[in-house]
Amino acid sequence: MEFGPDGAFVEWAIGRGDAPEPRRGRWQPSGVITRAGAMPGTASGWGRVVSVTPDRLELTWQE
């Protein structure tokens, strides 16, 4: 995942032919993350940051 300072994020999922596929969304300082499925079959929903350590970010997703 890539988090931008403007509140945007990109989740790199495995797509067709094992090629990385970007799933874009928005994040908030409160820990809420939303993603929108721009193409049919693409996941959408929201999530929340559960825990953060220097080498790990845990999220929970609601579709």
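Numbers here simply count residues along the sequence, with the first being 1. Please read all numbers here as calculations on a predicted model, not as lab measurements.
Taken to the nearest 0.5 Å, the CZ atom of R48 stands 10.0 Å off from the CD atom of Q62. Annotation: the span from T34 atom OG1 to R26 atom CZ amounts to 8.0 Å, rounded to 0.5 Å.
Among residues at least two apart or in separate chains, salt bridge (charged side-chain N to carboxylate O under 4.0 Å, His left out) pairs with a member in residues 51-60 are R56-E58.
With contacts defined as side-chain heavy-atom distances shorter than 4.5 Å, the pair F9/R35 qualifies.
Looking at residues two or more places apart in sequence or on another chain, you find a side-chain contact (heavy atoms from CB on, under 4.5 Å) between A13 and R23. Taking V49 as the reference, I33, V52, L57, L59 meet the side-chain contact (heavy atoms from CB on, under 4.5 Å) condition, with sequence neighbours excluded.
By the 6.0 Å contact criterion, CG on D6 is enclosed, its count of non-hydrogen atoms from other residues, nucleotides or ligands being greater than 12.
Grouping Ile, Leu, Val, Met, Phe, Trp and Tyr residues whose side-chain heavy atoms lie under 4.5 Å apart, directly or via other members, places V10 in a hydrophobic cluster with W12.
The minimum heavy-atom distance between W27 and F3, with the atom names listed, is CD1-CD2, 3.7 Å.
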